[in-house]
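Presented below is the structure to which this report refers.
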Amino acid sequence: MFRRREPVPFAFVAEADRFRSNVTPPPRERLGLPQIAARTLVGLTVVAGLVGSLLFGMPALQPQTPGKAEQSTASQGR
């Protein structure tokens, strides 16, 4: 019914689960316009990079149709 607590070397560790602070943290600072613009620009850059890599990578993911064998001009007998 009752759990026995294991002995701990430091008393504050045993009392940590019962501790409650009555100090409220300070309010968060509002972001300024330059910070909002910078975060938006970084986000747009990341999204544009992902979209660009997808657009450039799509042709490489398309299956190749086995048509006539392509030969380079060096392989043609001279």
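What's counted below: heavy atoms across the whole structure, side chains too, no hydrogens, waters or symmetry copies.
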Query raised in the report: Is Leu54 linked to Leu61 within one hydrophobic cluster, defined over Ile, Leu, Val, Met, Phe, Trp and Tyr using a side-chain heavy-atom separation of less than 4.5 Å?
Result: yes
Query raised in the report: In the single-linkage hydrophobic clustering (I, L, V, M, F, W, Y; side-chain heavy atoms under 4.5 Å), do Leu55 and Val47 co-cluster?
Result: yes
Query - Heavy-atom neighbours of Gln62 CD exceed 12 at 6.0 Å - result: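 Yes.
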Requested in this report: First locate atom CD1 of Ile36, then atom CZ of Arg30, and finally report the distance between them rounded to the nearest 0.5 Å.
Outcome: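 The distance works out to 7.5 Å.
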